[in-house]
Number of protein chains: 2
Amino acid sequence: MIPTIKDVAAHAGFSIATVSRAINAPHTVNPVTLDKVRQSIDALNFRPSPLGRQLRGERTRLIGVVLPTLANPVFAECLQGIDELASAQGYRLMLMTTQYDADRERHAIETLREQRVEGLILTVADADTHPLLDDLDRAGLLYVLMHNDTVRRPSVSVDNRLAAYDGVRQLIAHGHRRILMLAGTLAASDRARQRHLGYTQAMQQAGLTPAPALEVDFNAAELSPSVLAHLTSGPNRPTALFCSNDLLAMVVMRGLRRARLQIPHDMSILGFDGLAMGELLSPPLASICAPNREIGCAAWRRLLARVTGNYEALGETSLALTLPHSLREGATIAAISNRDETSTPPKEANSENTYARNVA
Amino acid sequence: MIPTIKDVAAHAGFSIATVSRAINAPHTVNPVTLDKVRQSIDALNFRPSPLGRQLRGERTRLIGVVLPTLANPVFAECLQGIDELASAQGYRLMLMTTQYDADRERHAIETLREQRVEGLILTVADADTHPLLDDLDRAGLLYVLMHNDTVRRPSVSVDNRLAAYDGVRQLIAHGHRRILMLAGTLAASDRARQRHLGYTQAMQQAGLTPAPALEVDFNAAELSPSVLAHLTSGPNRPTALFCSNDLLAMVVMRGLRRARLQIPHDMSILGFDGLAMGELLSPPLASICAPNREIGCAAWRRLLARVTGNYEALGETSLALTLPHSLREGATIAAISNRDETSTPPKEANSENTYARNVA
DNA sequence: CTGAAAGCGCTAACAG
DNA sequence: CTGTTAGCGCTTTCAG
């Protein structure tokens with residue numbers, strides 16, 4: 001059905017070795033022969049099977065990609081970056097998602113190894129304490145982490161601690177003093193920990209009291225009563241929330257709105273990730289932006305360099321590559337006026353536009 | 001480095017055939033032998049290479065997935081569905097994106113064929129006029145389309161025409177009479193055409209005049225002046241927009257807000273896709289929902305059934321499988337009051353909440 | 001410059 | 001129940 005190199009050889013009247021050479025080393029074969037072989041290839045619409053090559057122990061040109069989920073566009077954006085470069089360079093991507101589950105991470109990596117991928121690009125829950133990554137090191141299978149924040153392993157990420165620090169300082173600069181950090185089930189993730197560290201430092205430096213990260217159920221339609229209590233009750237309620245990622249920020253915003261809080265009037269919100277979609281929101285979501293697509297691209301470049309042995313050429317000295325983050329101003333952050341400090345949330349309707357200009 | 005079946009055979013003191021049988025048909029081998037072989041397998045941490053099997057002409061357990069982009073969560077949602085089922089059943093996914101480009105579609109399909117995938121799940125720009133799909137039919141390579149709206153090929157989709165019809169009728173029921181349909185670069189897509197058909201029918205049935213779909217540049221931060229003119233100028237400006245997909249709806253909403261229009265007060269918006277994220281918006285986006293994840297799952301099931309030859313067992317009679325759509329009410333649609341009909345957009349700020357309850 | 005032949009890891013007859 | 005062997009599609013010595 002699908003033509004093989006044999007069919008081409010028969011059609012052209014040469015041996016399969018010659019056909020192989022015509023494909024892989026055209027200069028070593030007589031031009032006339034080459035021409036005939038090429039005609040046969042066209043005539044039969046032959047494309048060499050990668051399987052044969054792969055089995056021979058050649059390059060498989062297969063790269064495994066392991067991501068927690070595609071429901072969070074952060075990872076979809078990274079994947080776009082990887083895909084763009086990889087497919088342009090003739091590599092194929094094998095994708096597996098893990099839903100942040102350690103078993104599935106293990107299974108994914110195993111499956112991809114079996115498939116003899118040349119390398120792996122992945123985002124795991126916690127890079128430092130991950131025994132599988134040690135296995136990879138031991139087995140000599142190349143990999144690059146994305147977003148995972150560790151100096152111990154090859155990775156591409158923003159400086160999560162510093163980025164969070166910058167973001168929270170921004171909130172403080174807008175007059176906020178009671179700032180809470182929210183995290184999802186990601187609370188056990190290396191990124192979230194780094195971000196909380198940055199939050200803590202920014203708070204302390206400003207003479208404010210940092211709080212432990214408040215965990216929020218990502219999937220619930222409403223915020224739980226206990227969380228809501230933390231956010232709204234008493235004179236010490238926070239005036240600003242730093243959310244560990246944009247998706248969480250959006251879920252929280254909905255929860256707050258359902259609880260009849262106005263954003264940013266009653267609560268300022270700062271996210272993390274810089275999802276493109278955040279700009280489409282109303283009010284546009286303020287966020288600490290990671291160059292997600294670029295992170296994917298950079299991860300690809302690093303992996304390719306290592307796979308092809310050009311690693312030194314990249315001139316990188318450390319395992320962890322840190323890309324610059326940026327702050328995206330958005331109308332979800334309002335400057336706080338001192339008189340507002342202790343008031344309870346007002347109930348009157350108020351357009352977000354009123355506050356949109358406060359952000360400078 | 002990676003142990004092969006040979007290593008296991010040597011270690012266990014049996015032939016490779018016995019090892020192979022121990023793996024693939026354990027009941028045909030002496031329990032004692034079986035045990036020894038298994039111990040060797042564990043000792044060496046051997047996993048059979050799929051490459052060998054694949055080359056043998058066995059099942060590759062590889063499925064190709066071809067999507068336009070992951071930037072639109074519709075496709076990410078579908079992919080989630082596919083991935084969930086596929087990886088649970090031991091299949092591996094090879095992913096390629098096309099950016100709606102015909103050349104890249106061709107290239108993707110070709111690449112995946114070379115890789116000897118057992119089947120393909122894809123979304124193409126236009127299914128009916130796609131020569132590559134005819135090639136697949138001819139080559140006997142199985143595939144299932146997602147979202148593409150055609151009865152000529154195996155596909156899983158909602159009834160785009162009917163869904164659009166239902167949605168636009170909803171707009172009409174809310175008192176809108178000047179309703180415009182917007183489409184992105186997708187204007188040349190089969191889905192968009194079907195949706196416009198549904199729009200047209202709903203309008204005509206209500207005695208209203210349908211307009212051609214207005215094309216909008218997806219990527220522009222602002223709506224173009226000419227588009228904006230269509231939407232806002234004159235007494236005949238539309239009061240409601242039906243957007244060919246949710247992402248477009250979000251882009252349009254931002255454009256309108258920048259032009260100082262209030263949603264839904266000055267303009268009602270209805271999207272298409274039912275993106276999960278739409279519910280997180282403010283106001284929540286009204287949308288015609290396709291069960292994206294389920295579309296992915298269904299596509300997988302159909303493909304698997306065909307691949308394994310159990311197609312008849314599915315009891316499906318037609319090529320096109322149509323899944324039910326649903327309408328998601330959202331505060332982006334406001335009922336229109338008659339006196340508003342001819343007024344120009346008012347400028348005063350007004351919370352979306354005022355209108356949130358009008359949707360019934 | 002071209003061909004014959006070995007072998008990558010595995011499965012499936014076919015013998016024993 | 002187990003071993004021998006051929007061969008999947010391809011690349012790569014090694015001869016010619």
Side-chain angles (χ1 to χ4, degrees), chain A residues 1-38 40-41 44-62 90 92 110-118, chain B residues 1-38 40-41 44-62 90 92 110-118:
Chain A
M1 164 142 288
I2 295 171
T4 79
I5 199 173
K6 255 185 202 168
D7 301 321
V8 178
H11 186 273
F14 290 93
S15 72
I16 61 169
T18 300
V19 176
S20 176
R21 274 188 294 259
I23 295 167
N24 301 299
H27 55 280
T28 69
V29 41
N30 184 312
V32 182
T33 309
L34 183 57
D35 197 53
K36 285 184 187 165
V37 170
R38 286 193 167 152
S40 296
I41 288 177
L44 298 177
N45 191 24
F46 166 79
R47 307 291 320 255
S49 157
L51 294 173
R53 291 180 168 164
Q54 290 165 190
L55 189 52
R56 277 290 330 225
E58 303 305 305
R59 321 268 321 271
T60 61
R61 296 203 154 233
L62 237 45
R92 285 161 299 266
E110 225 165 52
T111 303
L112 294 170
R113 283 189 64 182
E114 288 170 24
Q115 199 60 231
R116 305 298 189 260
V117 296
E118 290 185 31
Chain B
M1 164 141 288
I2 295 173
T4 78
I5 199 173
K6 254 186 202 167
D7 301 321
V8 177
H11 186 275
F14 289 93
S15 72
I16 61 168
T18 300
V19 176
S20 176
R21 274 189 294 259
I23 295 166
N24 300 298
H27 55 280
T28 68
V29 40
N30 184 311
V32 181
T33 310
L34 184 58
D35 198 55
K36 286 184 186 164
V37 170
R38 286 193 166 151
S40 296
I41 287 177
L44 299 176
N45 191 23
F46 166 78
R47 307 292 319 254
S49 157
L51 264 42
R53 291 179 169 166
Q54 289 165 192
L55 189 52
R56 265 310 317 246
E58 301 306 304
R59 321 268 319 270
T60 61
R61 297 203 152 233
L62 238 44
R92 285 160 301 262
E110 224 165 53
T111 302
L112 294 170
R113 283 189 64 181
E114 288 170 23
Q115 197 62 231
R116 305 299 188 259
V117 295
E118 290 185 32

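So you know, we letter chains A, B, ... as the sequences are listed, proteins then strands, and number each from 1.
- The nearest whole Å value for the distance from the CG atom in N24(B) to the P atom in dG9(C) is 17 Å.
- The separation between I23(B) atom CD1 and dA12(C) atom P is 12 Å, rounded to whole Å.
- Here side chain to side chain donor-acceptor pair (under 3.5 Å) pairs that include residues 5-17 of chain B, with residues two or more places apart or in two chains, are H11(B)-S40(B), S15(B)-T18(B).
- For N24(B), the side chain to side chain donor-acceptor pair (under 3.5 Å) partners two or more places apart in sequence, or in a different chain, are S20(B), R53(B).
- Partners of Q115(A) according to the side chain to side chain donor-acceptor pair (under 3.5 Å) rule, which considers only residues two or more places apart in sequence or in another chain, do not exist here.
- Distance alone, capped at 3.5 Å, is enough to place a donor-acceptor pair between the R92(A) side chain and the T60(A) backbone.
- Separating the CD1 atom of I2(A) from the P atom of dC8(D) is a distance of 14 Å, rounded to the nearest angstrom.
- Going from atom CD1 of I41(B) over to atom P of dC10(C) covers 10 Å, rounded to whole Å.
- Distance Q115(B) CD to dG9(D) P: 15 Å, rounded to the nearest Å.
- Residues that satisfy the salt bridge (Lys or Arg N to Asp or Glu O under 4.0 Å) test with R47(A), not counting sequence neighbours, are E110(B), E114(B).
- Here dG9(D) presents its P atom at 13 Å from CD of Q54(B), a figure rounded to the nearest Å.
- Atom CG in L51(B) sits roughly 13 Å away from atom P in dC10(D) (whole-Å rounding).
- Rounded to an integer number of Å, the gap from CZ of R116(A) to C1' of dC10(C) is 11 Å.
- Within the nucleic acid shown, P50(B) has no heavy atom closer than 4.0 Å to any nucleic acid atom.
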**Request:** Do nucleotides 2-8 of chain C as a string where each nucleotide becomes B, S or -: B if the base has a protein heavy atom under 4.0 Å, S if just the sugar-phosphate does, - if no protein is that close.
**Result:** BBB-BBB
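- With sequence neighbours excluded, the residues forming a side-chain contact (heavy atoms from CB on, under 4.5 Å) with N30(B) are V32(B), T33(B), listed by chain and number.
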